[in-house]
Amino acid sequence: MKTLTLDKEAMEIPQFNAAIHAKCPKCRVGNMFSTPMYTISGQKMNETCPHCGFHFEIEPGYFYVAMFVSYALNVAQMVTLAVGTYILTGSENPWIYAAILLGVALILSPFNFRYSRVVLLYWLTPGLHYDPKRSAPDYDPTHPGV
């Protein structure tokens, strides 16, 4: 008869999966945002992780760097869309491109806002790594050493 064994790697939450769902980069359990991506009132980012207490804004003005990430995402999306529009329509009318590119930029702005911050925290911040102890269900952020 086989017994079920749980090892550390089996319990670890995959990094890409946690990033897609905008989870805390330290524990990969708590939500970074308290509202859905597309809401009329706009997105609201939690100041701290509701699970482990990690403070997302590492230093004052930290998320200004996310503007550069958002810009890179936007440029990649617009170039891809412009090439795709040219391939599909063959049109050289600048008004078609302006309408399509500006419309899609407006639709994708909440996506870019959210994932520019996720990319910044997950992959562009040196020294910020996943801590498996923080992902435990009984983790107490008031007593992190326990």
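Just so it is clear, the structure is predicted and the values come from calculations on it, not from any experiment.
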Practice item. Would you check if the side chain of Gln15 reaches a backbone N or O of Ala19 as a donor-acceptor pair within less than 3.5 Å? Key: no
Review point. Is the backbone of Ala66 close enough, under 3.5 Å, to the side chain of Ser70 for a donor and an acceptor to pair up by distance?
Key: no
**Study point:** Residues Tyr71 and Ser116: side-chain donor-acceptor under 3.5 angstrom
**Key:** no
Exercise for review: For the residue pair Phe111 and Tyr115, categorise the inter-ring angle as parallel (less than 30°), tilted (30 to 60°) or perpendicular (more than 60°).
Suggested key: tilted
Practice item. Kindly give the heavy-atom pair with the smallest separation between Lys23 and Tyr122, and that separation in Å. Key: O-OH, 2.8 Å
Exercise for review: Could you state whether Val79 and Leu101 fall into the same hydrophobic cluster, counting links through intermediate Ile, Leu, Val, Met, Phe, Trp or Tyr residues with side-chain heavy atoms under 4.5 angstrom apart?
Suggested key: no
Check your understanding: Can you tell me if Tyr139 uses its side chain to pair, donor with acceptor, with the backbone of Pro132 under 3.5 Å?
Key -> no
Point to revise | Test side chain to side chain contact (heavy atoms under 4.5 Å, CB included) applied to Gln77 and Asn74, step by step | key: CA-CA 5 Å; Gln77 292 161 356; Asn74 203 14; 3.9 Å; yes
Review point. Trp123 and Met32: same hydrophobic cluster, using ILVMFWY side-chain contacts below 4.5 Å?
Key: yes
Practice item. Can you measure from OG1 (Thr89) to CD1 (Ile100) and round to the nearest 0.5 angstrom? Key: 6.5 Å
Review point. How far does CG of Leu108 sit from CG of Leu73, to the nearest 0.5 angstrom?
Key: 9.5 Å
**Study point:** Nearest heavy atoms of Ala76 and Thr80, plus distance in Å
**Key:** O-OG1, 2.7 Å
Point to revise | Pairwise distance OH(Tyr62) to CG(Leu121) - rounded to 0.5 angstrom | key: 4.5 Å
Practice item. For Lys26 and Cys52, work out which heavy atoms get closest and say how close. Key: CB-SG, 4.3 Å
**Study point:** Nearest heavy-atom neighbours spanning Ala22 and Phe33
**Key:** CB-CD1, 4.1 Å
Review point. Quick check: are there more than 12 heavy atoms from other residues, nucleotides or ligands sitting under 6.0 Å from OH of Tyr38?
Key: yes
Check your understanding: If you measure from CE on Met67 to CG on Asn112, what distance do you get to the nearest 0.5 Å?
Key -> 14.0 Å
**Study point:** Gln43 to Pro36 - nearest heavy-atom pair and separation
**Key:** CG-O, 3.8 Å
Practice item. Look at the side chain of Thr39 and the backbone N and O of Gly42, then say whether any donor-acceptor pair between them is shorter than 3.5 Å. Key: yes
Practice item. Measure across Phe54 and Pro25 and return the closest heavy-atom pair with its distance rounded to 0.1 Å. Key: CE2-CG, 4.2 Å
Check your understanding: Under the side chain to side chain contact (heavy atoms under 4.5 Å, CB included) criterion, do Cys27 and Tyr130 qualify, and how do the steps go?
Key -> CA-CA 6 Å; Cys27 68; Tyr130 171 65; 5.5 Å; no
Study note, to complete from the structure: By side-chain contact (heavy atoms from CB on, under 4.5 Å), Leu124 pairs with (sequence neighbours left out) Val69, Val119, Leu120
Check your understanding: What pairs with Arg28 under salt bridge (charged side-chain N to carboxylate O under 4.0 Å, His left out), at least two apart in sequence or on another chain?
Key -> Glu12
For residues 44-51, dump all side-chain donor-acceptor pairs below 3.5 Å to protein atoms at least two apart in sequence or in another chain.
unit_1 : atom_1 : unit_2 : atom_2 : d
Asn46  : ND2    : Asn31  : O      : 2.9
His51  : NE2    : Arg134 : O      : 3.0
His51  : NE2    : Ala136 : O      : 3.1

**Study point:** Leu88 CG to Leu81 CG distance, which is reported to the nearest 0.5 Å
**Key:** 9.5 Å
Point to revise | Ile58 with Phe63, same ILVMFWY side-chain cluster at under 4.5 Å | key: yes
